[in-house]
Structures are given as C-alpha cells and as structure tokens.
Amino acid sequence: MQPSTLTNTLRRSLLIKVISKPAPSREDVNSVIELTASKVVEALQAQSMTIYLVEGGEIAFKQIYYSPSLWGQDKAKEAKFKETSAKLLQLKLPQGTGNVGKVIQTGEPLFFSNKGPEAASLKNMNTGFEVHSMLTVPLKSNIIIGAVQVLNKEPSAGTSGQFVEKDLKVLQEVAEYSSTLIQRMLDPKFQLSAEDTAKFIARFTELPLVTKPEDVDIDDKLVEITGDAIIRRESIFPVKKVSTNTVSVLMPNPLDYAKREAFTQATEMGIDEVRVIPASLLEVLIKKYFKESKQEKKLQTDDVDISEVAEVIGSAYSGEGGEVKAEDLESEDSAPIIQLTNRIIEDAYVSGASDIHIEPQEKDLLVRYRVDGLCQEKLRLPKQVTNALVTRLKIMCNLDIAERRLPQDGRIVFKKYTKKNIDVDLRVATGPMNFGEKVVMRILDKQKTTLPLPALGFSDENLARYRECIRQPYGMILHCGPTGSGKSMTLYSALAEVNTPDMNIQTAEDPIEYTLPGLNQMQMNRQIGLTFARALRCYLRMDPDVILVGEIRDEETAGIACEAALTGHLLVSTLHTNDAPSTISRLSEMKIEPFNISASLVCVCAQRLLRRVCKNCKVKYTPEGREKEILEKAIGWSGEIFKANPGGCHICGGIGYKGRVGIHELMINCEELTNGINKEIETAELKRIAMRTGMKTLHQDSMLKVKMGLTTMEESLSNVPPDLIL
C-alpha cells in the first residue's frame with residue numbers, strides 16, 4: 001500500500017488494529033510500517049521513502065513510496081516506478097551495503113545534500129531520478145532493527161528539493177517511537193513499556209500525552225461521582241468538567257469509541273477533550289483514588305505473570321477448606337478464582353493460542369494451550385481448584401453447574417467479563433473424565449479479519465483454479481479436513497472475495513467465527529431446533545446467490561445442500577474426510593445418489609495447516625537418501641531445503657517454527673470424474689483420475705512448500721504421509 005493513500009480513517013483503523021491487543025503480534029508489523037511510512041511522507045513531504053528491516057543477517061526492503069510528482073502524466077514512467085518497487089520488495093542486501101548499511105552498523109544518521117561534499121555520492125545513487133537531498137536514520141530501540149531513508153522534498157515544498165536540519169529531527173523522532181513498537185512485534189521477549197505505547201498512540205492521533213500525575217489537574221469530586229467501577233471497566237479517567245454535560249478525560253486508547261459511548265451512557269456526560277495516558281499511569285491514578293485489598297492488587301496488576309496468579313490461587317485453595325462456594329463465583333471481583341479464569345483466557349489470547357485445555361489429573365489440574373497446532377503445558381494448579389474453575393467457566397457460558405456426568409456445549413462472550421480490550425468469544429465443550437470434568441475452549445478472535453486468498457498458502461496454480469470455482473453461478477464447493485485445518489478461514493476468505501453489493505450471501509454457522517460486513521449470518525441453536533437443515537430450507541425461500549453451511553453432518557443437511565446446488569445456488573460447506581476423493585464416498589454414505597453428487601459438485605478442497613519454519617533461524621541443507629527420494633518422487637525436484645534450528649531464536653521463542661501455512665488438494669469436477677462418480681468406482685481410482693486431470697495431492701503440495709522453504713520435511717511427513725499411488 002502506498003503511504004500517500006492512507007486516509008485519516010484508514011490510518012485510524014490500522015492504529016486500532018495495532019493497539020487493540022494487549023501485546024501486538026509479529027503479523028501486525030506491516031500495520032506499524034504503513035503508519036510510520038504515511039507519517040514520514042506527510043511530515044517531510046518526501047518524494048521517495050524506503051523502510052528497511054534487518055532479517056536473518058540481511059537488510060530487507062519493507063515499504064517503498066514514490067511520489068506521483070516523479071512521473072507526472074507519463075504513464076510509462078509510472079509503470080516503471082511500480083515495477084521497480086515490486087522488485088525491490090523482493091530484494092535483500094548483505095549487511096553493510098551502501099548508506100543504509102552504514103547507518104544500521106553505526107546507529108548514526110546521514111544527511112546528504114547536492115550542495116555539500118556528498119554531491120557525488122548522490123549522483124551515484126541508482127534511483128531512476130535525480131537526487132537532490134537524502135536523510136537516512138536508524139530504527140533503534142534497544143538494538144538497531146532497520147532504517148528509514150527519504151529522498152528529495154516535493155517541488156511544491158519550495159526548498160528546491162532540499163531537506164533541512166529540522167526535517168532530520170522530525171525523521172529521527174518518528175523513527176524513535178515507531179521502532180520500539182516494531183521491535184516488540186519482532187521479539188516476544190522485548191518488553192514494550194506502557195509509556196512507549198502511549199507515545200506512539202499520541203503521535204499518530206495528534207492528541208496531547210500525559211506522562212506524570214502532576215501534569216494534570218484532577219477534580220477529585222468528579223472522580224468520586226464517576227466511581228471506580230466505571231473508570232476500571234472503561235479505562236477512562238475523568239479530569240475536569242469542560243461544560244455542564246461534558247468532561248475532559250484521560251485514555252490509554254482514545255480510539256476505543258465503544259468504551260467512550262459506554263462511559264457517556266453510564267455517566268450521562270459527553271467526552272469533549274481526550275488526552276493519552278500510559279496504562280501504567282492510569283493504574284497509578286486508580287490506586288491513588290480508590291483503595292483495594294493486597295490480594296486484589298496482586299491479581300489485577302496488568303503486568304503480573306500468569307504463574308504469579310496461579311501461586312495466589314494455589315495458596316487460597318490448597319489444603320483443607322479449599323473448596324469454592326457458589327456465591328464466590330457470581331461477582332467479577334469477589335474471588336481469586338474469577339481472576340484466575342480471566343487471566344488464563346487473556347494469557348492464552350496473548351500467546352496466540354487457538355485452544356485452551358483445562359485437564360484434571362490424579363494429583364493436580366493441568367492447563368495447556370494449543371499454539372500453532374501443538375499443545376503446550378502452561379501451568380499446574382492444586383487439585384482442589386478443579387471444581388471452582390470448571391464451575392466458573394460453566395457460569396460464564398450459562399451451562400448447568402449441577403450436571404457433571406454428561407458432556408455440555410456452550411459459548412463465552414469474554415468481553416462481558418474482562419476490563420481489558422479483548423473482544424473474543426470462546427466455544428466451550430465440557431466432558432466427564434476419570435479425575436473430573438475436562439473443559440476445552442476454542443478461541444474465536446472477533447478482532448481478527450479474514451486473510452486474502454493468496455495469503456492462505458495456495459500454490460499459484462491452485463489459486464487460479466480455485467478462484468474460477470468460487471465464481472461459478474451454481475454448484476457445491478466442499479472443504480474437507482480435520483478440526484483446526486483452516487477450513488473456515490478459507491471459506492470466509494472466498495466469500496470476502498466474491499462479496500459485492502449485487503450478491504446475496506447467506507450463512508448458517510455454529511458458531512459464527514468471523515463477522516463480515518455484507519453477509520447475512522445465522523447462528524445455529526440446536527436446543528430450540530434451529531439446525532443446519534432448517535436454516536437451509538429457510539434460505540432457499542430467501543433468494544440467495546451464495547449459501548455457506550458451516551458443516552454437513554447428517555443425511556438431511558446433505559440432501560438439502562445438494563438440492564440447493566442443483567437449483568441455481570452456489571453452496572459452500574465443510575465435511576470431515578481425510579482427502580478430496582474420499583468426499584464422494586462420504587456423501588454416498590449420507591444417501592446422496594451418485595448422479596446428484598456428480599451433477600452438483602464443482603470442486604472439493606482438502607487442506608491441512610503445517611507449521612512454518614522460522615524465517616530468522618532456519619538452517620539450509622541438502623537432503624539425502626530417503627528425503628531426496630521422497631522429493632523427487634512427489635514433485636520431480638531435488639535441491640537445498642531448510643530444517644528447523646533445534647535451539648530456535650528469540651523470534652520463534654526457541655521452537656524453530658513460527659506461524660502456519662496451508663497445504664491444499666484441489667479436486668475439480670470434470671467429465672472423466674463425473675463418469676467415475678456415476679459408475680461408483682473406488683476412491684483410489686477416483687484419486688488417479690483427479691491426478692491425471694490436474695490435481696496435486698496434499699503430499700505433493702506439502703513437498704512444494706518444503707521446496708519453497710516455508711516448512712520442513714519433518715513437519716510435512718508428520719502431517720501428510722507420502723502417496724501410495726504416485
């Protein structure tokens with residue numbers, strides 16, 4: 001995205017994305033880079049701007065901006081600049097290269113002008129345009145992580161394309177407060193202070209920053225009238241009245257308009273002036289004006305580690321008399337178990353977990369998170385905590401706390417139970433085990449948006465073929481794979497791509513995982529008889545163009561889905577099968593006639609998620625023996641590939657893997673497949689037909705990801721075995 005195109009609205013939305021999480025993730029680094037770039041271009045009126053980051057011992061181009069004034073009305077010249085930008089973004093330079101390398105090595109800025117002794121150096125810059133002036137400053141927090149370079153002032157600035165000393169100071173200031181936030185995303189061990197976050201927010205919102213209690217004159221009476229419950233819940237601290245019905249306030253996140261509206265409704269006072277305050281200083285002010293117990297202080301401190309909370313809980317519930325009382329689980333601030341429950345969910349969210357497992361053992365209670373597809377032990381608690389924690393979770397999702405012998409399902413809207421700005425829902429399942437009830441919670445991040453299809457791991461060939469499928473006017477598109485294989489994300493991304501004002505898209509989901517504008521989404525409720533089949537019947541009378549069914553589980557749903565696909569609707573859904581060809585036999589088991597399957601089916605996409613090998617510490621090697629044989633047999637290629645570093649690095653947390661990438665097996669219906677389905681031939685023969693007509697199997701696609709350096713041979717083979725029919 002070109003920084004100049006960032007409107008105030010878009011800039012605000014990017015900023016909300018960055019600061020809405022308690023700890024930003026590495027994936028959000030692009031948002032900060034876009035914000036930084038837009039701020040630099042705007043503040044300095046630069047003709048060209050480039051942001052560099054150090055990655056794996058090399059210098060990578062991360063953001064490039066060229067001003068339209070460089071090409072004017074010349075379309076060919078404009079295309080040339082765009083082509084240059086695309087090439088540079090794929091390029092990495094050895095450390096120490098050029099002016100940028102010098103700045104990154106020394107940590108000192110460079111300021112060159114064509115009127116100074118550096119004029120010859122500027123003429124030698126291979127930029128495609130004449131350089132009059134250059135500023136290059138380091139992105140420096142506790143270490144140097146990159147650099148920002150600007151070339152030439154805009155002609156409209158009236159300085160003959162020359163930067164001045166004041167511009168250098170402005171660029172250094174922007175780089176300083178941006179680099180700390182970028183460093184926090186790149187290195188999970190780097191602690192970003194509340195002051196740094198507040199400074200970043202204040203700069204980009206252009207609101208005043210308060211860093212000391214004495215910097216603000218607070219009306220004690222107004223604080224008392226407002227009350228600590230509202231201040232804590234909304235994270236808004238009133239300072240003084242501006243008029244009869246409006247006040248001046250302090251906020252860590254001034255862009256949280258939902259909290260501003262809630263504050264106004266609760267106090268009947270509008271917010272007229274806002275100043276930015278670090279979250280730590282807000283806590284200091286709250287403690288100053290409102291007293292609380294020592295235990296509450298320890299549990300409610302934002303930066304307290306989850307293990308410290310567990311220690312408090314352990315001492316409270318271990319030994320005799322440690323069982324919880326029912327009344328202790330009702331109030332949000334009445335019991336340590338409330339704080340433990342919230343902190344487990346908050347900590348799992350910050351850790352990037354997809355699931356939380358609460359597992360009673362013989363002698364203790366085990367809490368595990370699933371991160372990037374693998375379960376990791378987080379903490380162990382005394383056995384006595386089990387009933388208290390499970391009961392609290394049941395209350396949060398309105399389950400029967402007296403029923404401990406049967407499995408139950410529920411949903412937690414976590415925003416109702418936390419003072420932090422974490423807007424997630426949790427899909428909860430409980431079940432009786434031999435040592436007590438186990439609880440598993442799937443985290444559904446409502447702040448997470450869908451990814452574009454190219455970001456999901458589709459190969460270029462599969463992406464082009466899949467895009468053709470989702471633009472078909474009618475038929476059935478099915479995604480298959482186990483739970484947690486990315487089926488829902490792919491479906492949502494596909495819908496987002498075809499979602500236009502002239503399309504009526506209706507979904508039946510259990511649960512609604514992502515809320516997309518323009519879609520009509522229905523939440524299933526089996527307790528009142530609202531099933532997928534009933535929703536489908538309803539939708540067929542509501543003039544849909546595209547229907548999404550969360551999952552085809554039974555014969556009735558399968559029959560109606562097939563009927564919808566045969567009567568002029570595009571239907572997309574999921575199914576639990578191991579690969580794409582076995583979907584045909586699964587539908588046959590659901591009593592769907594073969595001729596209806598062949599007539600309605602557009603394509604089947606089987607998928608899995610493999611862990612990405614860490615970009616920063618992956619190790620290159622040449623495969624031999626069995627590994628080389630597997631690669632050659634699957635994709636006809638041999639060469640260097642990567643493996644995970646056993647010791648990992650600071651970016652991947654010592655694991656060697658960071659994030660996940662999808663692999664896909666795309667079986668598109670054709671005449672030969674239709675004949676095979678109608679003749680009810682075996683699944684293995686269907687697979688051979690599909691491969692002859694262009695399908696790459698899951699194993700082949702996983703080997704392609706190994707070749708591209710996205711994952712490892714070990715990770716690939718542990719998830720998808722080699723094909724027997726290759």
CA sep, side-chain torsions, deciding dist, call: Asp701, Phe458, side chain to side chain contact (heavy atoms under 4.5 Å, CB included): CA-CA 9 Å; Asp701 200 38; Phe458 279 102; over 6 Å; no
Looking only at non-hydrogen atoms, find the nearest pair between Tyr369 and Ser351 and report the distance. CE1-OG, 4.2 Å
Strictly below 4.0 Å, N to O, side chains only: are Asp347 and Arg343 in salt-bridge contact? no
Check for a donor-acceptor pair, side chain of Arg612 on one end and backbone N or O of Arg660 on the other, with a separation under 3.5 Å. yes
Ring pair (Phe, Tyr, Trp, His ring centres under 6.0 Å) involving His569 - partner list, sequence neighbours excluded: none
Can you check whether Leu575 reaches Met590 side chain to side chain, under 4.5 Å on heavy atoms? yes
Output yes when a side-chain donor or acceptor of Arg526 lies under 3.5 Å from a complementary backbone atom of Gly529, and no otherwise. no
Of all heavy-atom pairs between Ala348 and Ile443, which one has the smallest distance, and what is that distance? CB-CD1, 3.9 Å
About how many Å separate CG of Leu366 and NZ of Lys438, when rounded to the nearest 0.5 Å? 9.0 Å
Do the charged groups of Lys259 and Glu261 touch, with an N to O distance under 4.0 Å? no
Ser702 side-chain N/O to His699 backbone N/O, donor-acceptor pair under 3.5 Å: yes
Sidechain N-carboxylate O distance under 4.0 Å for Asp364, Lys383: no
Search all heavy atoms of Thr712 against all heavy atoms of Ala644 and return the closest pair with its distance. CG2-N, 3.6 Å
Over all atoms of both residues, closest heavy-atom pair of Pro407 and Pro432: N-CD, 3.9 Å
Where Thr490 and Leu456 come nearest, the two heavy atoms and their spacing: CA-CD1, 3.8 Å
Verify side chain to side chain contact (heavy atoms under 4.5 Å, CB included) between Val613 and Thr711, making sure each step is shown before the conclusion. CA-CA 5 Å; Val613 64; Thr711 189; 5.6 Å; no
Does the side chain of Met667 come within less than 4.5 Å of Ile584's, by heavy atoms? yes
What I want to check is whether the side chains of Asn520 and Tyr539 have a donor and an acceptor closer together than 3.5 Å. no
Using the side-chain hydrogen bond (donor to acceptor under 3.5 Å, both in side chains) criterion, which residues pair with His479? Sequence neighbours excluded. Tyr466, Gln607
Indicate yes or no for a side-chain donor-acceptor contact from Lys378 to the backbone of Ile344 under 3.5 Å, with no hydrogens or angles considered. no
Going by heavy atoms in the side chains, are Glu346 and Phe414 under 4.5 Å from each other? yes
Give the C-alpha distance, both sets of side-chain angles, the deciding distance and a yes or no for side chain to side chain contact (heavy atoms under 4.5 Å, CB included) between Ile560 and Val549. CA-CA 11 Å; Ile560 302 171; Val549 180; over 6 Å; no
Determine, step by step, whether Thr697 and Lys687 satisfy the side chain to side chain contact (heavy atoms under 4.5 Å, CB included) criterion, reporting the C-alpha distance in whole Å, the side-chain angles of both residues, the deciding distance to 0.1 Å, and the verdict. CA-CA 9 Å; Thr697 66; Lys687 187 169 186 174; 3.8 Å; yes
May I ask you to test the Cys603-Leu666 pair for a side-chain heavy-atom distance under 4.5 Å? yes
Pairs touching residues 712-721 that satisfy salt bridge (Lys or Arg N to Asp or Glu O under 4.0 Å), sequence neighbours left out: Arg611-Glu715
Do Lys487 side-chain atoms and Pro482 backbone N/O form a donor-acceptor pair below 3.5 Å? yes
In a check of side-chain contact (heavy atoms from CB on, under 4.5 Å) between Cys397 and each of Val428, Val439, Thr430, which one passes? Val428
What are the two closest non-hydrogen atoms of Ala535 and Ala508, and how far apart are they? CB-CB, 3.8 Å
Keeping Asp372 on the side-chain end and Gly659 on the backbone end, is there a donor-acceptor pair under 3.5 Å? yes
Give a yes-or-no answer on whether the side chains of Thr577 and Thr583 include a donor-acceptor pair shorter than 3.5 Å. yes
